[in-house]
Number of protein chains: 2
Amino acid sequence: MKRPVTSRAEQRQRTETRILTAARRLFAENGYDRTTIRAIAATAGSDPGLVMRYFGSKEKLFAQAATIRADGPITGSPEQLAELLATALGEKLADEPAAALAALRSMFTHPEAGLEVRTAMSGQQQQVASLMPGEDAVLRAGLIGALTVGVVIGRHLLQLDGLRDASPEEITALLQPLISDLVQGRS
Amino acid sequence: MKRPVTSRAEQRQRTETRILTAARRLFAENGYDRTTIRAIAATAGSDPGLVMRYFGSKEKLFAQAATIRADGPITGSPEQLAELLATALGEKLADEPAAALAALRSMFTHPEAGLEVRTAMSGQQQQVASLMPGEDAVLRAGLIGALTVGVVIGRHLLQLDGLRDASPEEITALLQPLISDLVQGRS
DNA sequence: GTCTATAAAGTGATAGAC
DNA sequence: GTCTATCACTTTATAGAC
């Protein structure tokens, strides 16, 4: 008897990733509540029962699908910091990170998603603030965070007029000096 | 027979506003999908049947509850414009406009709410851009809009670290020069 | 192991009793 | 006019047939 090119375990993991990819896309497009297990299974070419069997619950599936990958560690002088933050923003604008978008779209209506986003941002902000001078460093770091989410959701989720079509470079070129001002504490 | 101090029509309109207020609060707190007619009725001390009778459908109730009041007309020189935008932002930070927050919280998961926010912002942005110099005025106006929503949701909805506690004046003081840069096109 | 059938719960909306 | 009772539907989750 010839071994199949794809073993049982391989096949299983393959459909598992297919389900996860489908879930990510649908969660990013429609949010947690409006995405049904049925729709995910259909998109993945699979079955609702299997989705439950593999991931346990809709909640657990979402947790895996909407995990935000943290940016690399942040260090350097204030001048370097501004440039670092601007390029990190540029990356978030260039590609469409489905997992992060899934979390972002659901953050206002699904408590778990809100927590995910808040903790991810909180960690980042503390790091950033510790590298910044001034009494109000935490506030200024928060404003950088707010600016970042504002631009990301303005482009990917709300599709605001000017933001949708502009190139990432164009946007970061405009924003880097502003971020630099916030980092240095000039006002 | 003595006339009651509150007539039939008065009484009716009174409960109608009570329902509307409750709806605004719950929509702002939990979003469209997770807010039920039943919960609105209970909060308003009324009845689900009456809510339907008065407003026709959940959709129509939401439309009335989540209407964004546009800012006053925007005019003036670029210098004035930056100040105007900063103070308008300050107002949005000082009080908690329940109707706008209801629309904002649901904008990613409820298409109607998304449209409401998008059209409100689009109108504002076009006005602002028309008063700004430079080729990329539309993009820069969009960035001002993104910054504004970012800060508003960062404070009221996400409750980001530095933003939650800072005073509106502190925030606008930091942001006005940045807005001014975007308006003038310095970068 | 994969999928069908169904259970259990909750929703918006409606009809009709008081 | 106000509210109770219920309909029709959809959801996640489960149990069991193949």
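Within every chain, numbering begins at 1; the chains are lettered A, B, ... in the order of the sequence lines, protein sequences first and strands thereafter. Since this is a predicted model, take the numbers as computed values, not measurements.
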Under a 3.5 Å distance rule, please check whether A:Gln13 uses its side chain to pair with a backbone N or O of A:Glu10 as donor and acceptor. no

Between B:Ser106 (side chain only) and B:Ala102 (backbone N and O only), is there a donor and an acceptor less than 3.5 Å apart? yes

Classify the nucleic acid contact of [X] as base, sugar-phosphate or nothing, counting any heavy atom under 4.0 Å across all strands shown.
{"X": "B:Phe55", "result": "nothing"}
{"X": "A:Arg12", "result": "nothing"}
{"X": "A:Thr15", "result": "nothing"}
{"X": "B:Arg38", "result": "base"}

Of all nucleotides in DNA chain C that come within under 4.0 Å of a heavy atom of chain B, which is furthest toward the 5' end and which toward the 3' end? C:dT11 to C:dT14

Got a sec, which residues hit salt bridge (Lys or Arg N to Asp or Glu O under 4.0 Å) with A:Asp181, two or more places apart in sequence or on another chain? A:Arg186

Tell me whether the count of non-hydrogen atoms from other residues, nucleotides or ligands lying under 6.0 Å of CZ in B:Arg53 goes above 12. no

More than 12 non-hydrogen atoms from neighbouring residues, nucleotides or ligands closer than 6.0 Å to CD on A:Glu83, yes or no? no

Give the ring-plane orientation class for A:Tyr32 versus A:Phe62, where under 30° counts as parallel, over 60° as perpendicular and anything between as tilted. perpendicular

Counting only non-hydrogen atoms, which of residues 42-50 of chain B are less than 4.0 Å from DNA chain D? B:Asp47, B:Leu50

For B:Ile37 and D:dT4, give me the distance from atom CD1 to atom P, rounded to whole Å. 16 Å

Separation of atom CE in B:Met52 from atom P in D:dT6, rounded to whole Å: 19 Å

Would you mind reporting whether B:Glu29 and B:Arg34 have side-chain heavy atoms less than 4.5 Å apart? no

Can B:Lys60 be said to sit on top of B:Tyr54's aromatic six-ring, NZ or CZ under 6.0 Å from centre and within 45° of the ring axis? no

